[in-house]
Amino acid sequence: MMVGVSSPALLNLIIKRGRSLVKMAHLVPTLSSPPPSPCPALPRSAAITTTTNTTTVAAGMSKSIPDQKRALRSDVRKALKAFSPALRAQEDLAIQNIVLNSSWFKSSTRLCAYISSQSLREVDTGRILGEILKSPDDGHQTQVKKELYVPWVEDKNSNMRMLKISSLEDLVANSMNILEPSPVDANGNQHEDVMLAANPVDLFLLPGLAFDRHGRRLGRGGGYYDVFLKKYQKLATENNWNQPLLVALAYSVQIMEEGMIPVTPCDVPIDALVSAAGVIPISPSALERM
Ligand SMILES: Nc1nc2c(c(=O)[nH]1)N(C=O)[C@@H](CNc1ccc(C(=O)N[C@@H](CCC(=O)O)C(=O)O)cc1)CN2
Ligand SMILES: Nc1ncnc2c1ncn2[C@@H]1O[C@H](COP(=O)(O)OP(=O)(O)OP(=O)(O)O)[C@@H](O)[C@H]1O
């Protein structure tokens, strides 16, 4: 099976090791039948109406928010498919350069970042992950030492953990063809769960399908990030920590006009968006820190 990874380094890792893929069919999210939601959906009358072909509806017959989300996901997947590989590569380079050269990335010490998947056509994080994991050069330390936590899908009920890795060797492909931490690291130790870490994460680099300039984010429909981010924000509040900066990475075709992304109270807004055109700080904390 071909694993879709965004960076040649990650791809080589998979090929080189030639390990059989870990099968976790029981962990594949049943995207069509999510768990009962504690987040009340907005009334239909509050649903977005006249924005795209997919959400334009007759008066009083607006689509439900889940239906609007499904339709927008489908539109964005098509746009990503039609996005030229050359432009995509240009944007991958520009986005990663913006992150790597930013003061907020350089000064971050604990990060949660996604391992980009080429088959999902996600903004490449390969160089960023490499930079986070590289050992600081003795005597020529150019960056603050960083700790990296990456997603591990726990079950199909939107539960995801963020586990600490210290090397890309700690990753194996899951049943969704996304690289995840293996059950134990190279030394046979469990990966630390960020929810049990003594110190706070300062930066999240988030994936998603669609975003807008006002902080709305549409994910892939599993609810994994929304559930996790709510829990982590609660943990930060309980510990009197600063809230982490939530920064999403987006190709130009994933940035929507205001009003196109349907949201419910469960959707956690992002603080900032990085596209090839630059950083868009959104929240007051992003305006302060970026
Ligand atoms: N790189 C990466 N890792 C991640 C996420 C992510 O979005 N990106 N996740 C974020 O939640 C979690 C995994 N959730 C996922 C949810 C759906 C699909 C997926 O393959 N979706 C297909 C459609 C499947 C369907 O409709 O049945 C797709 O989007 O094309 C993958 C991962 C944790 N790890
Ligand atoms: N905090 C939460 N607690 C419980 N269920 C939630 C929470 N957040 C989202 N969900 C549920 O998860 C399902 C998917 O939500 P939604 O479509 O917003 O996901 P998404 O934003 O596309 O995915 P992700 O958050 O993984 O990027 C919905 O049924 C939603 O009600």
Side-chain angles (χ1 to χ4, degrees), residues 1 3-7 10 24-25 27-42 47 63-81 92 112-126 128-129 148-163 165 168 171-181 194 204-212 215-235 246 248-251 254 256 261-270:
M1 186 184 350
V3 176
V5 284
S6 297
S7 113
L10 295 182
M24 296 192 293
L27 296 182
V28 179
T30 319
L31 299 180
S32 52
S33 55
S37 172
C39 316
L42 298 176
K63 278 187 189 171
S64 69
I65 287 187
D67 283 350
Q68 290 176 41
K69 286 188 171 186
R70 255 189 294 279
L72 184 57
R73 283 190 194 101
S74 160
D75 283 356
V76 176
R77 280 199 200 95
K78 279 184 204 142
L80 284 170
K81 228 176 190 168
D92 278 331
C112 288
Y114 66 97
I115 315 279
S116 54
S117 152
Q118 201 162 49
S119 54
L120 293 177
R121 296 184 165 82
E122 292 179 313
V123 172
D124 190 1
T125 52
I128 298 172
L129 300 174
L148 175 63
Y149 297 85
V150 301
W152 181 76
V153 169
E154 188 175 5
D155 62 30
K156 59 183 180 182
N157 294 326
S158 305
N159 290 310
M160 169 175 85
R161 293 176 193 231
M162 287 282 175
L163 302 180
I165 60 164
L168 296 178
L171 300 172
V172 289
N174 69 11
S175 56
M176 294 179 281
N177 277 350
I178 294 180
L179 290 174
E180 288 193 331
V194 78
F204 276 76
L205 296 178
L206 304 172
L209 268 174
F211 311 91
D212 73 16
R216 292 179 167 200
R217 168 184 168 276
L218 177 73
R220 294 190 178 269
Y224 291 104
Y225 270 95
D226 288 326
V227 170
F228 182 84
L229 292 172
K230 276 249 155 65
K231 278 196 286 199
Y232 196 79
Q233 288 175 332
K234 182 166 174 274
L235 180 75
L246 308 182
L249 309 184
Y251 291 122
Q254 295 178 287
M256 305 290 124
I261 301 183
V263 283
T264 72
C266 271
D267 291 302
V268 176
I270 55 173

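Counting starts at 1 for both ligands and their atoms, in listed order.
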Colleague: Identify, by atom number and element, the atoms of ligand 1 in contact range of Y225, meaning under 4.0 Å from any of its heavy atoms.
Modeller: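 What qualifies from ligand 1 is 9 (N), 10 (C), 11 (O).
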
Colleague: Under 3.5 Å between any N/O of R77 and any N/O of ligand 1: does that happen in this structure?
Modeller: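 Yes; the residue has a nitrogen or oxygen that sits under 3.5 Å from a nitrogen or oxygen of the ligand.
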
Colleague: Quick test of your reading of the structure: of K69, K231, R73, R216, whose heavy atom lies closest to atom 22 (O) of ligand 2?
Modeller: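 Nearest option to atom 22 (O) of ligand 2, by heavy atoms: R73.
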
Colleague: Quick one: does P207 get within less than 4.0 Å of ligand 1, heavy atoms only?
Modeller: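 Under 4.0 Å: yes for P207.
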
Colleague: With a 4.0 Å cut-off on heavy atoms, is G208 in contact with ligand 2?
Modeller: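 G208: no contact with ligand 2 (<4.0 Å).
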
Colleague: Using a 4.0 Å heavy-atom cut-off, which part of E180 comes near ligand 1: side chain, backbone, both, or neither?
Modeller: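 Neither part.
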
Colleague: Can you tell me which portion of D267 lies within the under-4.0 Å heavy-atom range of ligand 2? Options are side chain, backbone, both, or neither.
Modeller: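 Side chain only.
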
Colleague: Can you measure from CD1 (I165) to CG (L171) and round to the nearest 0.5 angstrom?
Modeller: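 It is 4.5 Å, given to the nearest 0.5 Å.
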
Colleague: Considering only heavy atoms from C-beta outward, does the side chain of T125 approach that of L205 to under 4.5 Å?
Modeller: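 No. Closest side-chain heavy atoms not under 4.5 Å.
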
Colleague: D267 versus K69: any side-chain heavy-atom pair under 4.5 Å?
Modeller: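 Answer yes - side chains close enough.
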
Colleague: Within a distance under 4.0 Å of any heavy atom of D226, pick out the atoms of ligand 2 and give their elements.
Modeller: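 Listed by number with element: 8 (N), 9 (C), 18 (O), 19 (O), 20 (P), 21 (O), 25 (O).
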
Colleague: Hey, does K230 come in under 3.5 Å of ligand 2, counting only N/O atoms on both sides?
Modeller: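 N/O-N/O distance under 3.5 Å: no.
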
Colleague: Among G219, G221, P207, P265, which one puts a heavy atom closest to atom 14 (C) of ligand 2?
Modeller: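 The nearest heavy atom belongs to G221.
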
Colleague: Please list, in number order, the atoms of ligand 2 under 4.0 Å from a heavy atom of Y224.
Modeller: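 The list of qualifying atoms is 24 (P), 25 (O), 26 (O).
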
Colleague: Return yes if some donor-acceptor pair links the side-chain N/O of R217 with the main-chain N/O of I270 below 3.5 Å, else return no.
Modeller: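 Flag not set: sc R217 to bb I270 has no pair under 3.5 Å.
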
Colleague: If the cut-off is 4.0 Å to any non-hydrogen atom of Y224, which atoms of ligand 1 fall inside it?
Modeller: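 Counting from 1, the qualifying ligand atoms are 11 (O), 14 (N).
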
Colleague: With a heavy-atom distance limit of 4.0 Å, tell me whether R220 approaches ligand 2 through its side chain, its backbone, both, or neither.
Modeller: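 Under 4.0 Å from ligand 2, R220 contributes backbone atoms alone.
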
Colleague: If you take the centroid of each ring, where Trp contributes its six-membered ring, are Y225 and F204 closer together than 6.0 Å?
Modeller: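 No; Y225 has its ring centre 6.0 Å or more from that of F204.
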
Colleague: Decide yes or no for L72 and P262: does some side-chain heavy atom of the first lie under 4.5 Å from some side-chain heavy atom of the second?
Modeller: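 Result yes, sub-4.5 Å side-chain heavy-atom pair found.
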
Colleague: With a 4.5 Å limit on heavy-atom distance, are the side chains of L218 and Q68 in contact?
Modeller: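 SC-SC contact between L218 and Q68 ruled out.
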
Colleague: Any N or O on E122 sitting closer than 3.5 Å to an N or O of ligand 1?
Modeller: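 Yes, there is a polar N/O contact under 3.5 Å.
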
Colleague: Heavy-atom pairs closer than 4.0 Å: do any link ligand 1 to the side chain of L209, the backbone, both, or neither?
Modeller: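 None of L209 does.
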
Colleague: So, do E180 and L163 sit near enough that their side-chain heavy atoms are less than 4.5 Å apart?
Modeller: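 No, every pair of side-chain atoms sits at 4.5 Å or beyond.
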
Colleague: Below 3.5 Å, N or O to N or O, backbone or side chain included: is there any such pair between M176 and ligand 1?
Modeller: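 No, M176 has no N/O under 3.5 Å of an N/O on ligand 1.
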
Colleague: Taking the side chain as every heavy atom from C-beta outward, state whether P181 and V150 have any atom pair closer than 4.5 Å.
Modeller: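 A side-chain contact under 4.5 Å exists here.
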
Colleague: Looking at G208, is its backbone amide N or carbonyl O close enough to the side chain of Y114 to form a donor-acceptor pair, meaning the two atoms are under 3.5 Å apart?
Modeller: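 Judged by distance alone, no pair lies under 3.5 Å.
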
Colleague: Please confirm whether G223 comes within less than 3.5 Å of ligand 2 when only nitrogen or oxygen atoms on both sides are compared.
Modeller: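 It does: an N or O of G223 is found under 3.5 Å from an N or O of ligand 2.
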
Colleague: Is R220 reaching over with its side chain to a backbone N or O of L120, donor-acceptor style, under 3.5 angstrom?
Modeller: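 Yes; judged by distance alone, with no hydrogens or angles, the pair exists.
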
Colleague: Using only atom types and a distance under 3.5 Å, with no angle test, would you say the side chain of Y251 pairs donor to acceptor with the backbone of D92?
Modeller: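 The answer is no, because no donor-acceptor pair under 3.5 Å joins these two groups.
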
Colleague: At a 4.0 Å threshold, what atoms of ligand 1 neighbour a non-hydrogen atom of M160?
Modeller: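 Checking each atom against M160, I get 33 (C).
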
Colleague: Which of the atoms of ligand 2 are close to V227, meaning less than 4.0 Å from one of its heavy atoms?
Modeller: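 By the 4.0 Å cutoff, the relevant atoms are 1 (N), 2 (C), 3 (N), 4 (C), 5 (N), 6 (C), 7 (C), 8 (N).
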
